[in-house]
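All residue numbers in this chain count up from 1 along the given sequence. Just so you know, ligand 1 is whichever comes first in the structure, and atom 1 is the first atom listed for that ligand. Every heavy atom of this structure was used, including side-chain atoms; hydrogens, water molecules and symmetry mates were not.
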Amino acid sequence: MASRRQLLTNTAAMLGAASSGMWLPAHAQNAKVRIGLMLPYTGTFTQLGVAIDNGFRMALQEAGGKVGGREVEFFKVDDESEPSKGVENANKLVQRDKVDVLIGTVHSGVQMGIHKVARETGVLNIIPNAGMHAATRALCAPNVFRTSFTNSQPTLALGKVMVDKGHKKAVWITWKYAAGDESGEGFKEGYVAAGGTIVKELGLPFPNVEFQALLTEIASIKPDAVACFFSGGGASKFIRDYAAAGLAGKIPLYGSGFLTEGLLDDELAPSAQGIMTTLHYSTSLATKRNDAFRLAYAKTFKMQPDVYAVQGYDAGQLLLQGAAAVHGDFSNKKALYAAMENAVIDSPRGKWTMSKAHNPVQDIYLRTVKGKENVVLGVAAKALSDSGVGCKLG
Ligand code: PHB
């Protein structure tokens, strides 16, 4: 048994170390930070998942591969963008692998599952894409942070752009699930406020790509313009079908920028010319910060980054800032969350801060497709913050 004197000495040594900020619980001192990546690595959002994974790892690499002074270990789950497996997949990382932080995901329906697990277990969750409103509105949580957007953020400024161009009657078309519906909400709010009318809302289940009947309907309605939310492989198919149906150039096509993001290759570009979108990033942003990011990303991954890569990269930056503030001690939640709430992220999209509800306050750019680029035409909304309605944090 340890003597009383020994105990006192040990306690004094621990207190000394703690006040110097060097002390970590024994298990954490040498242990690696366990990072769970729950992303789509198959299906229509595969490209998005891979870009987030790339961007996240790049941020950590640039910081020397350590988080809060500790080595890292990755655990990966392919969520397949399958909402019915959301809780089960999140629990693989949280309960089985005991991750310190869960990075995920892309699909809003799957995010609902992650969110349930995050709220129940208190695990730190950084959302690198999925925009579901509830995560940073009514169901916001101290341990959940987003480095992307709410679903209505990118489309909020789109309507005014369309009305300014004289397009007062529009059809809205999307996949019928949280992301499509909430993007539609944002679009409607801005469009109606600017004097526009949505003459018809069309939809199909995620991730269906049988657009033909809906395009025939659009042709018969003859609206001034069409606005939409699609993304990934399905977005590429929508753009090609829209052109093949003879609508490109006749009925101008608009959307949240996901429509054309990361997709403009030789095959798709001819069908996409002139499409106008609003988004919080463009690869063609002419800033030193973005140039450096593009160069480093292209060197490492032999491809151009897109908004998803940036969101993953910023998830890495956010985690690094939080972990540095607590010297890698993830059990110091109060200080960890405070550092993440106050983080200023020097992003390739432009500097951004966290709203009280833990969602980016950021500029939204107006872009148009020219060649194989989303060329930036200007800022459609400056320092746009989501309403965060119903969130009691902060
Ligand atoms: C979503 O489901 O929240 C989602 C998916 C893909 C995007 C944007 C949002 O590009």
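- Protein residues lining ligand 1, listed by chain and number: Phe45, Leu48, Val106, His107, Ser108, Asn129, Ala130, Gly131, Phe149, Asn151, Tyr177, Ala179, Phe229, Ser231, Phe258, Tyr308 [non-hydrogen atoms, distance under 4.0 Å].
- When ring centroids are compared, Tyr308 and Phe56 stay outside the 6.0 Å threshold.
- Considering only heavy atoms from C-beta on, Met354 stays 4.5 Å or farther from Met340 through its side chain.
- Residue Leu204 holds its CG atom at 8.0 Å from OG1 of Thr174, rounded to the nearest 0.5 Å.
- The distance between the ring centers of His358 and Tyr337 does not fall below 6.0 angstrom.
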Show me the donor-acceptor pairs, under 3.5 Å and distance only, between side chains in residues 263-272 and residues at least two apart or in other chains.
residue, atom, partner, partner atom, Å
Asp265, OD1, Glu267, N, 3.2
Asp265, OD1, Leu268, N, 2.9
Asp266, OD1, Lys372, NZ, 3.0

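- Just one of Asp386, Thr150, Asn359 meets the side-chain hydrogen bond (donor to acceptor under 3.5 Å, both in side chains) condition when paired with Arg137; it is Asp386.
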